[in-house]
Amino acid sequence: MLHEFADLMDMHGDIFRRNAYRRAARSIEALDQSIEEIIREGRLRQIPGIGEGIASILMEIVESGTSKELERLRRTFPPGVAEMMRIPDVGPRSAVKFYHELGITNLEELKDAAEDGRIRKLSGFGERSEANILRGIRLIEQQGSRMLLSDALSKGSAIVEHIRSYGFPLVSVAGSMRRMMETIGDVDILVGTSHSVDAMEAFIAFPNAVDIIVRGESKTSVRLSDGTQADMRVVPEISHGAALQYFTGSKEHNVKLRRIAINKGLRLNEYGLFDSAGVNLVAGLKEDEIYRLLDLQPIPPELREDRGEIEAAARNQLPRLVTQRDIRGDLHVHTILSDGHDTMREMAMAAMKRGYDYVGLTDHSASLRIANGLDVDELLTSLEQARQLSNELNFPIMRGAEVDILEDGTLDYPDEVLDQLDYVIASVHSRFKMSIDQMTERIIYAIKSGKMQILGHPTGRLLGRREAYAIDLDAVMEEAARHGVAMEVNGFPERLDLNDMGCRRAKEKGIMVVLNTDAHSEEGLDNMHLAIGTARRGWLEPENILNCLPYPDIKDALAR
DNA sequence: GCCGTTTTCGGCCCGACTGTTTTCAGTCG
């Protein structure tokens, strides 16, 4: 509703109110507590961006389900006018103009008007505007949702490689990809060079680029064959660090940073940090310099969401985020025995090759028929095989299982079998549509069994395909804390579960987290960077992460 | 509408590109 307020303010031309409502909406989205709870505790006004006016609107909405002021504003424009602003290049000014001067009230009518050549009669519009509007409408009609981080990273690195092959060494991915957001809208590429024209040529020559959206001296955008938009910005080498900072975002982080610069009598833009006259360059080549000169610790990209990182950096209290080097082993790995593609030996050797100290093999339990889950005999046989393989390779293989949490909350193997395992990852793979109370109770019952060490993919979501199941994650985490159960961050590209905010909550509650890949093949082990990115976005440090422990400490920890 | 290491009033990030115009408004990120 605050976003709707913002749209309406926008249409009325009140940019400052629009920004205020937008900011308040984002603040609330970033909360990990319900707004009702915050109102009960009387802490509404402590949320940044919420003052007297918006606080009273929120209380009215929570109490009555609506706002008188919102309803009044809704009557000022038909609902379809805001809808038109979804079209690229159509903003509030244009949408309102279409409504006032042509009586257009929705997308369908706008499409007709553009096809009939009525738009070009408006001042400031011509034939090209009409064509763009029609193209934009087609685009939102067929538009897929955001892409997975994993897909974006591979597209991004393909473009980076392509441009590098033309002899440009300073090429980086920026934007939300660099912040490791779980889904990505478009691919952002940055090049530092004084030969901007040649770099643009190289970009446009990318084989997968089928359409040029905009083309200028410092910015070019193309559409890839699958509909993805890729933007490239070019700046002189000397500005590369400033530009990287700028184009990595987030927008909210950057706005706050610029305000800090202004307060210090400086100016920050994508070309560098300047004195207030905007003449003398103070910093620009290195990203870290920008932060230091603003009296901040350099802030890792994954934290740049304006969720307190700037304040922490000012106090010199940024977390020391986990890195790939801190990870000593992968504890969620499938083999050909259940639904994996490769053998125990192949997976163990693949883990060795990646420099790990150990690996944990965790095939599915019997109930998961679709994944060829192991029955008790098969499991016990595999334990013996794993023991022998471990001796032969002289590499610690921990013998675990991914055990289903059944509908009633019991685990899918008898206790005496579970006791023979080094550890148990317990996961929900069935009956996702239970009520929040039932699902929470189901998982808490499993935790109370005392037979599980790790809760696998705790919310069950599949990005773009399936919502998280209804679950009271706070209640589950509190029970997990009591029983010393760790939460998994599952690095499977469409899971990333826990997500970033889940990691942060776990950390606050003092719960250990495990970064796993859920690999079903050797290559699957390479998804660890996705789990790490998620953990970093959740402010996690090595001490919060179970598989940062070396062997045999990890084994002791799991046994405890 | 929000906010304060100049401020309780008067600011609110800033530059690139397009399409329309002959200097700029609108949109985007």
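Closest contact between the side chain of A:K219 and the listed nucleotides B:dC2, B:dT27, B:dA16 involves B:dA16. When distances run from any side-chain atom of A:D231 to the nucleotides B:dT27, B:dA16, B:dG29, the shortest one goes to B:dG29. For A:S129, the side-chain atoms get nearest to B:dT20 when compared with the rest of B:dC14, B:dG26, B:dT20. Among B:dG29, B:dC14, B:dG1, the nucleotide with an atom closest to any side-chain atom of A:D186 is B:dG29. With B:dG29, B:dG19, B:dC17 as the choices, the nucleotide that has an atom nearest any side-chain atom of A:K251 turns out to be B:dG29. In the set B:dG26, B:dG1, B:dC14, B:dG26 carries the atom at the smallest distance from any side-chain atom of A:R93. In this structure, of B:dA16, B:dC13, B:dC3, it is B:dC13 that holds the atom nearest to the side chain of A:I262. Here B:dC28 is the nucleotide among B:dG1, B:dG15, B:dC28 with the atom lying nearest to any side-chain atom of A:D89.
Look at CZ on A:F247: it is 11 Å from P on B:dG15, rounded to the nearest Å. In this entry the distance linking CZ of A:R215 with P of B:dA16 reads 18 Å, nearest Å. Computed from coordinates, the A:L122 CG to B:dG19 C1' distance equals 14 Å when rounded to whole Å. Atom-to-atom, CZ of A:F203 to P of B:dC17 comes out at 13 Å; the value is rounded to the nearest Å. Distance, A:R233 CZ to B:dC17 P: 6 Å, rounded to whole Å.
Counting heavy atoms from C-beta outward, A:L190 and A:Y246 have side chains that stay 4.5 Å or more apart. Between A:E52 and A:R45 the shortest side-chain heavy-atom distance falls below 4.5 Å. For the pair A:H253/A:R179, no side-chain contact is recorded, criterion being any heavy-atom separation below 4.5 Å from C-beta on.
OP1 or OP2 of B:dC17 has at least one side-chain nitrogen or oxygen of A:S218 nearer than 4.0 Å. For B:dT27, one of the phosphate oxygens OP1 or OP2 lies less than 4.0 angstrom from a side-chain nitrogen or oxygen of A:S94. The phosphate of B:dC13 has OP1 or OP2 within less than 4.0 Å of a side-chain N or O from A:R259. The side chain of A:R258 contributes no N or O atom lying less than 4.0 Å from OP1 or OP2 of B:dC13. Between A:N269 and B:dG15, a side-chain N or O to OP1/OP2 separation shorter than 4.0 Å is present.
Here A:F16 does not lie in a stacked arrangement on the base of B:dC2, lacking the combination of planes under 30° and ring centres under 5.5 Å apart.
Taking a 6.0 Å sphere around CD of A:E63, one finds it holds 12 or fewer heavy atoms contributed by other residues, nucleotides or ligands.
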Step-by-step side-chain contact (heavy atoms from CB on, under 4.5 Å) determination, A:V322 to A:E541
CA-CA 5 Å; A:V322 59; A:E541 308 181 69; over 6 Å; no
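Nucleotide B:dT8 forms a pair with no other nucleotide shown, judged by Watson-Crick or G-U wobble geometry with both contacts under 3.5 Å.
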